[in-house]
A.B. asks: 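One structure, as structure tokens, below. Some questions next.
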Amino acid sequence: MSEIRNVSVKDVEEAIYKLALDAAYHIPEDVLEAEKKAYAKEKSEVAKQVLDTIFQNIEVSSKEEFPLCQDTGLGIIFLEVGQDVHFVDGYIVDAINNGVERAYKDGYLRKSSCNPLTRQNYGNNLPAIVHTFVVPGDKVKIIFDAKGGGSESMSKVQMMKPADGREGIVQTVVDWMIQAGPNPCPPTIVGVGIGADFERSAVMAKHATLRKVGEPSPDPVLADMEQEILTKINNSGIGPAGLGGLTTALAVHIEMEPCHIATLPLAINTACHVNRHKEIEL
Ligand code: SF4
């Protein structure tokens with residue numbers, strides 16, 4: 001019988017606090033790398049200037065510990081909990097919310113959560129949105145994603161017809177991203193969830209934006225679709241900040257799971273050029 005490991009929620013709170021501040025100030029290395037590659041192959045002078053401004057912003061944010069963007073996002077947490085973990089010292093969701101609230105207060109990060117109808121700002125950036133997965137083992141993996149409103153708004157779930165198939169999916173994603181134009185603050189990382197059910201497809205799409213940029217799906221069929229969609233989006237010429245250029249998207253990442261025989265759920269979630277996310281294992 002496997003041993004139960006106690007994990008203090010106080011350690012989780014502290015981890016969330018540090019991840020939220022780290023994500024706000026320091027862009028993930030792989031995102032920066034992909035943007036540098038985009039710069040190297042870019043032909044448009046305007047697009048080069050846009051990317052150059054992005055690089056300056058990244059440098060100042062990192063050095064001075066200023067937010068990478070004024071929209072510091074809602075806190076989205078992917079929490080992978082080993083089934084042999086027992087949380088102690090409090091309730092895990094309270095600890096996560098405390099970590100987010102403290103980070104946004106101490107870091108003077110903009111608080112973005114509001115009442116959807118009155119639009120009254122709650123002033124604490126709460127609640128965090130927590131997606132929990134039970135996995136084998138006795139570890140806790142936390143991914144913190146600071147999701148901005150511009151890129152999030154350029155998302156959708158569409159219940160396709162099963163007969164739409166591969167071609168229908170490719171066309172829908174390409175059309176959607178071209179219609180999105182400059183709104184998701186390109187160059188973007190496009191997350192796509194295919195299958196499962198209505199809500200899980202959306203979670204897959206968001207999770208897909210957090211994969212190492214440009215790392216192809218291990219499934220060759222999906223890797224081929226990722227490449228085809230990426231090429232078609234970039235052929236649009238929308239470019240960095242929507243001012244024209246070769247790179248509208250840095251990558252397309254697809255996740256797929258089995259679905260009902262009568263359905264074909266498709267979700268698209270976009271990450272903007274700062275794609276702030278950090279992770280830790282406890
Ligand atoms: S989409 Fe990203 S870069 Fe654009 S405003 Fe929102 S957080 Fe900032």
A.B. asks: By side chain to side chain contact (heavy atoms under 4.5 Å, CB included), which residues pair with T231, not counting sequence neighbours?
C.D. replies: Q227, N235
A.B. asks: State, without any angle test, whether E255 and H207 hold a side-chain donor-acceptor pair at a distance under 3.5 Å.
C.D. replies: yes
A.B. asks: Take atom CE in M225; do more than 12 heavy atoms of anything else shown fall under 6.0 Å from it?
C.D. replies: yes
A.B. asks: Are more than 12 heavy atoms, taken from residues, nucleotides or ligands other than Q56, located less than 6.0 Å from that residue's CD atom?
C.D. replies: yes
A.B. asks: Step through the shown structure and confirm whether more than 12 heavy atoms of other residues, nucleotides or ligands are within 6.0 Å of OH on Y108.
C.D. replies: no
A.B. asks: Do the two ring centres, one from H277 and one from F144, sit under 6.0 Å apart?
C.D. replies: no
A.B. asks: May I ask you to decide whether K105 forms a salt bridge with E101, counting only side-chain N to carboxylate O separations under 4.0 Å?
C.D. replies: no
A.B. asks: Holding to side chain to side chain donor-acceptor pair (under 3.5 Å), I want the full list of residues that pass it with D164, two or more places apart in sequence or in another chain.
C.D. replies: none
A.B. asks: Less than 4.0 angstrom from a charged side-chain N to a carboxylate O is my criterion; do E14 and K10 meet it?
C.D. replies: no
A.B. asks: Do F87 and V81 have side chains that get closer than 4.5 Å, going by heavy atoms?
C.D. replies: yes
A.B. asks: Would K48 and S44 count as having a side-chain donor-acceptor pair, cut-off 3.5 Å?
C.D. replies: no
A.B. asks: Would you say V31 and V274 make side-chain contact, with heavy atoms under 4.5 Å?
C.D. replies: no
A.B. asks: Side chains of D106 and Y17: do they bring a donor and an acceptor to under 3.5 Å?
C.D. replies: yes
A.B. asks: Determine whether the side chains of S155 and N269 contain a donor N or O and an acceptor N or O closer than 3.5 Å.
C.D. replies: yes
A.B. asks: Throw together a table of side-chain donor-acceptor distances under 3.5 angstrom for residues 210-219, partners on residues two or more places apart or in other chains.
C.D. replies:
from	atom 1	to	atom 2	distance (Å)
R211	NH1	E215	O	2.7
R211	NH1	E226	OE2	3.0
R211	NH2	E226	OE2	3.1
R211	NH2	I254	O	2.9
S217	OG	D219	N	3.1
D219	OD1	V221	N	2.8

